[in-house]
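What follows is a set of notes on a single structure, which appears directly below.
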Amino acid sequence: MATAKPGQKRPLGSSGGGPPAKKGFWSLGLLDSMKDPNLQVEKDDKVVVIKDKYPKARYHYLVLPKENISKLKALQPDHLELLKHMHEVGERIIKEAIGEEGLSYRLGYHAVPSMSHLHLHAISQDFDSPSLKTKKHWNSFTSAYFVDSKEVMDQLEKEGKVDTSAKNPEAQLKLPLRCHVCKKELTNMPKLKEHIVTHIKKS
DNA sequence: GTTCTAGAAC
DNA sequence: GTTCTAGAAC
């Protein structure tokens, strides 16, 4: 007998062949992604570079330390060299990927990431991707919620720790939809996406 | 983080 | 009537 009623809901975003994931375990998904050969781009003794599983632009990579660092707040002063290395690797990878396409890019961290395990985003600024769907997606990459890698490194160097709470991250996510290039405000995501492609120069 | 969908917004 | 968003996921 089937036990599922029609229309019954179940936790999503973690299925795909393996055993049923327990509630809340999706936040550890980067650990699996780091090991996934389909996502892995390169690794060295300190970091692993992967393609974001749901890229929010044409080129979107994550640089993760092999060392298990849960979040920005866990950073200690002696992690500065690691952050510099992550930045250098991320910059090389994203430049290489973009090639002659002429897209700009940014390197940075989300103030309050959903996924555990420190990860540096290296993302091209076209934001031309079917996985970019929600206001939270948009604002997490185009508002102060996205903290530049250099700013994180500076803060760690000067303060000995990293604290992004002064940016009011939760409020950033609720800001109106605004084009990151010309600052025009759009009323919904489809209109925003239609607008931003006009800023991508054709190659 | 994503998926799904009820009901708001148009 | 259709599009779009926001919140639950047992």
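Chain A is the first sequence line, chain B the second, and so forth, proteins listed ahead of strands; every chain is numbered from 1. Everything numeric here is computed off the predicted structure, so don't read it as measured data. When reading the values below, keep in mind they use all heavy atoms of this one structure, side chains included, and skip hydrogens, waters and symmetry mates.
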(request) Whole angstrom is fine here: how far is it from NZ in A:Lys135 over to C1' in B:dG1? (result) 20 Å
(request) Using atom CG of A:Leu186 as one end and atom C1' of C:dT5 as the other, report the distance to the nearest whole Å. (result) 16 Å
(request) Round to the nearest Å and state the distance from A:Met34 atom CE to B:dG1 atom C1'. (result) 16 Å
(message) Rounding to an integer number of Å, can you tell me how far A:Asn188 CG sits from B:dA9 C1'?
(response) 10 Å
(request) Could you check whether A:Lys56 gets within reach of a base, just the sugar-phosphate, or nothing at all, counting any heavy atom under 4.0 Å? (result) sugar-phosphate
(message) Can you classify the ring geometry of A:Trp138 versus A:Phe127 as parallel (below 30°), tilted (30 to 60°) or perpendicular (above 60°)?
(response) perpendicular
(message) If you compare every side-chain N and O of A:His137 against the phosphate oxygens of B:dT2 (OP1, OP2), does one of them come in below 4.0 Å?
(response) yes
(request) Would you confirm whether the ring centroid of A:His60 sits within less than 6.0 angstrom of the ring centroid of A:Phe141? (result) yes
(request) Report which part of the nucleic acid A:His119 touches: base, sugar-phosphate, or nothing (heavy-atom distance under 4.0 Å, all strands). (result) nothing
(message) Please report the distance, rounded to the nearest Å, between CG in A:Leu177 and C1' in C:dT5.
(response) 10 Å
(request) Quickly work out the A:Met189 CE to C:dT2 C1' distance and round it to whole Å. (result) 19 Å
(message) Check this for me, if you would: do A:Lys84 and A:Glu81 make a salt bridge, where the nitrogen-to-carboxylate-oxygen distance has to be below 4.0 angstrom?
(response) yes
(message) When both hydrogen-bonding distances must be under 3.5 Å and the geometry is Watson-Crick or G-U wobble, what is C:dT3 paired with, if anything?
(response) B:dA8
(message) Please classify the nucleic acid contact of A:Lys53 as base, sugar-phosphate, or nothing, using heavy-atom distances under 4.0 Å.
(response) nothing
(message) Rounding to an integer number of Å, can you tell me how far A:Glu194 CD sits from C:dT3 P?
(response) 14 Å
(request) Could you state the atom-to-atom distance from CG of A:Leu118 to P of B:dG1 in whole Å? (result) 15 Å
(request) Looking at every strand, decide which applies to A:Pro190 at a 4.0 Å heavy-atom threshold: base, sugar-phosphate, or nothing. (result) sugar-phosphate
(request) Indicate whether any N or O donor in one side chain lies under 3.5 Å from an N or O acceptor in the other, for A:Tyr105 and A:Glu91. (result) yes
(message) Other residues, nucleotides and ligands only: do more than 12 of their heavy atoms fall within 6.0 Å of NZ on A:Lys71?
(response) no
(message) Under 4.0 Å from OP1 or OP2 of B:dG1: is there any side-chain N or O of A:Lys136 that close?
(response) yes
